[in-house]
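Report on the following structure.
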Amino acid sequence: MNYPFKKIEEKWQRKWLRKKIFQVKPQPQRKKYYLLEMFPYPSGKIHMGHVRNYSIGDVAARFKMMQGYNVLHPIGFDAFGQPAENAALKNKVHPQAWTMNCIDWMRRELKQMGFAYDWEREISTCLQEYYRWNQWIFLKMYEKGLVYKKEAVVNWCPDCETTLANEEVIDGKCWRCKNEVVQKDLEQWFIKITAYKQRLLEDLDKLKYWPERVITMQKNWLGKSEGVQIYFKLKQTQEIIPVFTTRQDTIFGATYLVLAPEHPLVKKIIKGNPQEKEVLEFIDKVSKESKILRLACGVKKEGIFTGSYAINPVNNEQIPIWVADYVLLEYGTGAIMAVPAHDQRDFLFAQEHNLPMRIVIQAPGSRIQTPNQMTEACEGPGIQVNSGQFDGLTNEQAKIKIAAWMEEVGIGKSQVYWRLRDWLISRQRYWGTPIPIVYCDRCGIVPVPEDDLPVKLPQKVKISGCGGSPLSYVDSFVRTKCPKCHSRARRETDTMATFIDSSWYFLRFCSPRFTQYPFDKQEVAYWMPVDQYIGGIEHAIMHLLYSRFFTKFLRDLGLLDFDEPFIRLLTQGMVLKDGEVMSKSRGNIVDPDPIIKKYGADTLRLYILFAAPPEVEMEWSQQNIEGAFRFLNRVWRMLTLIPKKSKSKTFNPGLEKRMHKTIKEVTRDLESFKLNTAISRIMELVNEIYQNLNTDITAAVKTVVILLAPIAPHLAEEMWLRLGHKESIFKTNWPKYEARFLEEEVITMVIQINGKLRSKIEVPVDINEDRLKEIVLADKKLKPWIQERPIKNFILVPKKLVNLVI
RNA sequence: GCCGAGGUGGCGGAAUGGCUUACGCGGCGGUCUCAAAAACCGUUGAGGGCAACCUCGUGUGGGUUCGACUCCCACCCUCGGCACCA
């Protein structure tokens with residue numbers, strides 16, 4: 001007989017909700033704990049990734065509650081976004097109706113899993129009570145000069161018919177639909193996230209409890225690179241060509257200059273040269289090449305001589321200027337100095353085109369004297385040669401000295417380049433937050449006044465799926481009055497990228513119904529920052545970077561008094577099926593719903609937490625879920641194994657010891673999110689109970705139930721009731737182990753000879769070394785190993801082992 | 001190329017420098033039963049031996065150590081991020 005999980009789960013889900021046991025308010029005298037999982041996009045049904053993410057979070061939330069913390073554990077829906085529009089097109093429903101319907105579904109499924117959320121705090125970003133604050137924050141940024149509109153070459157997804165942020169382009173493809181992204185000249189809204197780049201980088205050091213790889217990914221994304229901008233001069237006109245390098249120590253080896261094909265100077269310097277026509281053809285050819293192809297590794301670098309020369313400012317040498325496709329306009333100054341002897345790309349290019357090389361750094365121990373002995377560029381450290389007054393220095397010393405000297409004589413200056421670009425936030429979509437801007441013929445760009453917020457998203461709109469912002473066809477929306485001069489004006493018809501919505505939702509959860517500001521400062525002061533954040537690694541760059549930026553901005557506004565929103569971050573691994581990520585397109589989805597029906601939510605939770613450590617990817621296994629179910633039944637059955645008159649059974653000190661040991665280990669494991677081993681330790685205690693059914697097991701069973709409560713809450717709550725408790729198990733204090741129970745009187749010591757296990761002995765824990773030695777030497781099992789050989793060394797690891805060296 | 005994570009039984013995975021493989025899955029055997037399922041109990045790294053027991057075994061090769069999955073060096077492979085980044 002299986003335990004009646006269905007009845008139990010429904011009953012407790014109802015009761016918890018009715019008794020509001022997970023609803024919280026700030027209580028200044030109590031320690032708070034804000035536990036947050038990344039809120040879901042409401043796509044319809046929950047998937048195993050959600051189940052895993054929220055199960056991990058739920059264990060932590062319930063565990064912290066039982067430890068006495070005032071735990072904020074909210075949930076909501078990241079409800080704006082393109083899938084709603086696609087669904088609208090396909091199913092002829094309004095995006096709003098589709099989204100709200102999905103939310104209803106998901107809410108029901110989340111409740112079925114028994115997650116301990118404060119449902120009173122539920123938010124949806126597509127509701128105007130939420131998105132008006134997106135607009136409010138946008139206007140604040142506008143006020144501070146952090147929002148601007150400009151015409152720029154932007155990423156455009158022809159399939160989604162909208163612009164994309166740099167962060168949304170992955171390998172030249174749209175992050176959502178995986179189609180190739182093209183470049184387009186468009187006037188678009190940007191947020192100046194680059195104004196915060198230094199702080200975004202520096203404060204990474206404060207994130208001591210974030211996974212190393214997330215920190216690294218953010219560092220890479222920010223891409224700070226320190227070097228020198230060197231002023232080369234055009235020979236004919238003395239015009240300055242700035243060049244950025246991080247290897248100023250190789251400047252004396254610069255034997256030619258390369259401009260990006262799009263560089264504005266190119267057309268100027270070829271004018272009238274015999275090479276003019278050829279160069280123009282080359283530029284034309286490159287411009288037609290796909291960017292992805294051009295940037296691909298291993299493709300042969302192509303280039304052409306311009307016919308003009310530049311002057312190297314350190315030695316007044318005349319060097320040829322080339323144009324080549326391996327130099328990018330977007331990075332640095334769009335021009336490089338080429339040092340073929342010390343840069344591999346330059347080396348290959350120089351070989352191909354017979355350009356001169358000069359060695360200026362001698363690698364230690366290398367006998368290479370002339371460039372034609374080289375098979376590859378020497379990019380490592382060494383001693384400066386052929387470098388004027390810098391000869392003899394190590395190249396690291398030379399880097400510093402050359403930079404200083406250049407600044408002094410005015411031929412260059414120290415410079416820092418970043419990879420991070422401003423954040424393009426306008427989207428040509430309907431289902432998003434309208435950008436609160438008005439265009440007036442007289443006043444130009446006018447921000448909507450705060451009092452006029454929200455700029456509501458109109459209901460009646462035609463989603464055609466072809467071209468431009470759907471809002472631009474909604475006359476009643478577009479036509480408006482200028483807030484300044486009250487003459488006729490037009491509204492901005494682009495909407496905001498949905499990453500804006502999720503950049504501050506963790507603040508909204510603190511006071512979800514507040515109407516004066518995005519959040520109540522006092523409530524935020526109590527709950528924030530988030531103590532533990534849990535979500536997928538796919539958000540390592542975009543969402544987490546934007547959230548960090550928003551937090552810093554709101555701090556500068558004086559609304560917050562901290563500058564990092566998430567203290568601890570756990571990135572959970574993906575759920576795989578047959579070694580592949582579960583996904584709709586692969587058709588290998590396992591739907592949680594039938595699993596819940598067949599085994600119950602507690603079994604699914606237990607299984608998914610036990611299968612692998614939270615941060616590692618896990619493989620779905622039907623067999624193992626049966627195992628989890630079996631275990632819960634085994635736990636349940638213990639109720640019937642506790643005899644009516646347990647006092648008649650003998651007290652079992654061994655079991656009591658084991659119980660305390662388990663409390664200690666499970667507590668430690670839950671604290672560090674080693675959920676799989678926490679479960680295994682509870683299993684061990686259960687096994688121990690089954691081995692001791694002829695003794696009094698009551699206390700041990702009670703312990704199992706409490707320790708299991710965060711993991712299988714329904715089962716634990718029901719057993720707790722049946723064990724005679726009136727209060728919810730989640731109002732119980734987490735048990736404390738007593739150290740005196742963990743002290744052993746007799747221990748097993750391992751005896752090794754030359755590091756190999758040869759025997760084991762049982763000895764009193766407080767045995768002295770001389771006595772121990774006697775016992776060891778008398779051990780019969782050791783005789784054949786020792787024979788008559790003298791013992792050179794007697795190594796004792798107290799309470800563990802003895803190693804004899806012979 | 002740079003950065004990060006990892007490589008342990010048939011499988012998922014445990015192991016503050018000290019008994020490799022906890023816990024679970026799967027396999028094998030038993031108890032109960034007319035029988036089966038369920039449950040409960042036992043067993044399960046490989047090779048050798050009648051047996052006590054022995055040898056080998058944590059990606060590869062070295063090193064440090066009385067002793068290395070763990071620390072150091074070199075390399076191989078897998079996964080993830082960044083990248084003609086100047």
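In B:rG30 the O4'-C1'-N dihedral to the base is more than 90° from 0, which defines an anti nucleotide.
The side chain to side chain contact (heavy atoms under 4.5 Å, CB included) test with A:Ile625 singles out one residue from A:Leu606, A:Ile608, A:Leu604, and that residue is A:Leu604.
Rounded to an integer number of Å, the gap from A:Lys224 NZ to B:rC85 C1' is 16 Å. A:Lys577 has its NZ atom 16 Å from the P atom of B:rG12, to the nearest Å. At whole-Å resolution of the value, CG in A:Leu576 and P in B:rC79 are 13 Å apart. Computed from coordinates, the A:Met683 CE to B:rG13 C1' distance equals 12 Å when rounded to whole Å.
Nucleic acid contact class of A:Arg758 (heavy atoms, under 4.0 Å, all strands): sugar-phosphate only. Within the nucleic acid shown, A:Gly627 comes within 4.0 Å of sugar-phosphate atoms alone, with no base atom in reach, counting heavy atoms only. Heavy atoms of A:Glu615 sit nowhere under 4.0 angstrom from any nucleic acid atom. Within 4.0 Å (heavy atoms only), A:Gln752 reaches at least one base atom of the nucleic acid. Among the protein residues, A:Gln691 comes within range of the sugar-phosphate backbone only, with heavy atoms under 4.0 Å from sugar or phosphate atoms but none that close to a base. Within the nucleic acid shown, A:Pro211 has no heavy atom closer than 4.0 Å to any nucleic acid atom. Within 4.0 Å of A:Arg634, counting heavy atoms only, lie sugar-phosphate atoms of the nucleic acid but no base atom. At a threshold of 4.0 angstrom between heavy atoms, the contacts of A:Lys219 with the nucleic acid are absent. Within 4.0 Å of A:Thr677, counting heavy atoms only, lie sugar-phosphate atoms of the nucleic acid but no base atom. A:Asn676 comes within 4.0 angstrom of sugar-phosphate atoms only, judged by non-hydrogen atoms across all strands, and of no base. The residue A:Tyr690 sits close only to the backbone: its heavy atoms come under 4.0 Å of sugar-phosphate atoms, none of a base. At a threshold of 4.0 angstrom between heavy atoms, the contacts of A:Asn687 are confined to the sugar-phosphate backbone, with no base atom among them.
Side-chain proximity of A:Ile795 to the nucleotides B:rG13, B:rA14, B:rG18 is greatest for B:rG18. Closest to the A:Val616 side chain, of the nucleotides B:rA86, B:rC82, B:rG13, is B:rG13. Taking every side-chain heavy atom of A:Ala612 into account, B:rG13 is the closest of B:rC85, B:rG13, B:rC66.
B:rC34: no Watson-Crick or G-U partner with both key distances under 3.5 Å is found in any strand. Shown here, B:rA5 forms a base pair with B:rU78; the pair counts as Watson-Crick or G-U wobble because both key distances fall under 3.5 Å. The base-pairing partner of B:rG45, taking Watson-Crick or G-U wobble contacts with both distances under 3.5 Å, is B:rC56. With both pairing distances under 3.5 Å, B:rC84 is matched to nothing as a Watson-Crick or G-U wobble pair. Across all strands shown, B:rG24 pairs with B:rC11; the Watson-Crick or G-U wobble distances both stay below 3.5 Å. Checking B:rC69 for Watson-Crick or G-U wobble geometry (two distances, each under 3.5 Å) identifies no partner in any strand. Within the shown strands, nothing qualifies as a pairing partner of B:rC19 under the Watson-Crick or G-U definition with both distances less than 3.5 Å.
At a cut-off of 3.5 angstrom, the base of B:rC66 holds at least one donor-acceptor pair with the side chain of A:Asn803.
For A:Trp322 and A:Phe349, the gap between ring centers is short of 6.0 Å. Checked against the 6.0 Å centroid threshold, A:Tyr417 and A:Phe244 count as a close aromatic pair.
Cation-pi geometry between A:Arg637 and A:Tyr3 is not met at under 6.0 angstrom from the ring centre and within 45 degrees of the axis. A cation-pi contact, defined as under 6.0 Å to the ring centre and within 45° of the axis, is absent between A:Arg568 and A:Trp210.
Between A:Glu617 and A:Ile537 there is no side-chain heavy-atom pair separated by less than 4.5 Å.
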Report the C-alpha distance between A:Tyr331 and A:Trp418 in whole Å, list the side-chain angles of each, state the deciding distance to 0.1 Å, and finish with yes or no for ring pair (Phe, Tyr, Trp, His ring centres under 6.0 Å). CA-CA 9 Å; A:Tyr331 193 80; A:Trp418 296 74; over 10 Å; no
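Position along RNA chain B of the nearest nucleotide to A:Phe610 versus A:Arg419 favours A:Phe610 as the more 5'-ward residue. Remark on RNA chain B: of its neighbouring residues A:Lys674 and A:Arg213, the 5'-side contact belongs to A:Arg213, judged by nearest-heavy-atom nucleotide.
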